[in-house]
Amino acid sequence: MNIGWIKIIGATFFELIWVTGLKYAVLPVELAITILAILGSSYCLITAGNTLPVGTAYSVFVGLSAIGTILVEFLGFGIFPSFWQLLFIIILILGVIGLKLLNEKVER
């Protein structure tokens, strides 16, 4: 696996932390973790662009972050996604898979 894809996964992980932190952080420690997650997400995404096409990297990152955010809301806070959210999550997943497959063909 290309290190760029690992960085995209890392950026997504940090993204989920800071998005959740923006909504729920109250204590100074929680706010500090949120800020560190913003920096970590930005660093991983920027450096992933060194080994992956920037458009592909960003598109996959956004798709995974959107999917992850809805999953965090559902699993962590019991907020169930609507039919439309589920439909568009499926479309996002198909798009992310398509971009990944397309990138593998371009690299060969």
Side-chain angles (χ1 to χ4, degrees):
M1 177 180 259
N2 184 329
I3 189 70
W5 292 114
I6 295 170
K7 289 180 179 181
I8 293 295
I9 293 168
T12 302
F13 174 75
F14 284 122
E15 175 95 354
L16 297 178
I17 293 171
W18 76 257
V19 166
T20 303
L22 285 178
K23 186 170 183 177
Y24 295 105
V26 177
L27 301 175
V29 172
E30 296 167 337
L31 294 172
I33 291 170
T34 301
I35 292 168
L36 290 174
I38 291 170
L39 295 173
S41 178
S42 299
Y43 173 79
C44 289
L45 182 59
I46 290 167
T47 57
N50 294 334
T51 57
L52 296 172
V54 176
T56 301
Y58 186 70
S59 299
V60 171
F61 166 72
V62 169
L64 291 176
S65 296
I67 293 163
T69 301
I70 290 178
L71 287 174
V72 166
E73 285 183 338
F74 174 63
L75 298 173
F77 303 102
I79 301 170
F80 193 77
S82 70
F83 166 79
W84 293 108
Q85 286 176 314
L86 291 174
L87 175 67
F88 290 122
I89 287 171
I90 291 167
I91 293 170
L92 272 171
I93 290 170
L94 293 174
V96 167
I97 291 169
L99 285 170
K100 172 81 168 84
L101 294 174
L102 181 65
N103 188 56
E104 286 178 359
K105 287 183 181 179
V106 171
E107 287 178 354
R108 291 180 190 176

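Values in this document were obtained by computation on a predicted structure and should not be read as measured data.
Interatomic distance, CG of L39 versus CZ of F14, reported as 10.0 Å (0.5 Å rounding). Rounding to the nearest 0.5 Å places CG of L31 at 11.0 Å from CG of L36. Expressed to the nearest 0.5 Å, how far OG1 of T56 lies from CG of L102 amounts to 6.5 Å.
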Please output the side-chain donor-acceptor pairs of residues 64-82 that fall under 3.5 Å, not counting sequence neighbours, one pair per line with the distance.
{"residue": "S65", "atom": "OG", "partner": "F61", "partner atom": "O", "Å": "2.8"}
{"residue": "T69", "atom": "OG1", "partner": "S65", "partner atom": "O", "Å": "2.7"}
{"residue": "S82", "atom": "OG", "partner": "W84", "partner atom": "N", "Å": "3.4"}
{"residue": "S82", "atom": "OG", "partner": "Q85", "partner atom": "N", "Å": "3.2"}

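Contact of the W5 side chain with the V60 side chain is registered, since non-hydrogen atoms from C-beta on lie closer than 4.5 Å. When side chains are defined from C-beta on, V62 counts as touching Y58, because their heavy atoms get closer than 4.5 Å.
Note: the hydrophobic cluster containing L101 also contains I93 (ILVMFWY, side chain heavy atoms under 4.5 Å, direct or indirect links). Linking ILVMFWY residues whenever their side-chain heavy atoms come closer than 4.5 Å, directly or via other members, leaves I33 and I38 in distinct clusters.
With a 6.0 Å radius and a threshold of 12 heavy atoms from other residues, nucleotides or ligands, Y43 has its OH atom at or below the threshold.
Residue G21 comes nearest to T34 through the heavy atom pair CA-OG1, 3.3 Å, listed as atom of the first residue, atom of the second, then distance. When every heavy atom of L92 is checked against every heavy atom of G63, the shortest pair comes out as CD2-CA, 3.9 Å.
The backbone N or O of I8 sits less than 3.5 Å from a side-chain atom of T12, completing a donor-acceptor pair. Between the side chain of S41 and the backbone N or O of A11 there is at least one donor-acceptor pair closer than 3.5 Å.
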Problem set entry | Verdict with reasoning, N50 to T47, per side chain to side chain contact (heavy atoms under 4.5 Å, CB included) | CA-CA 5 Å; N50 294 334; T47 57; 4.2 Å; yes
For this session: Step by step, work out the side chain to side chain contact (heavy atoms under 4.5 Å, CB included) result for K7 and I3.
Result: CA-CA 6 Å; K7 289 180 179 181; I3 189 70; 4.0 Å; yes
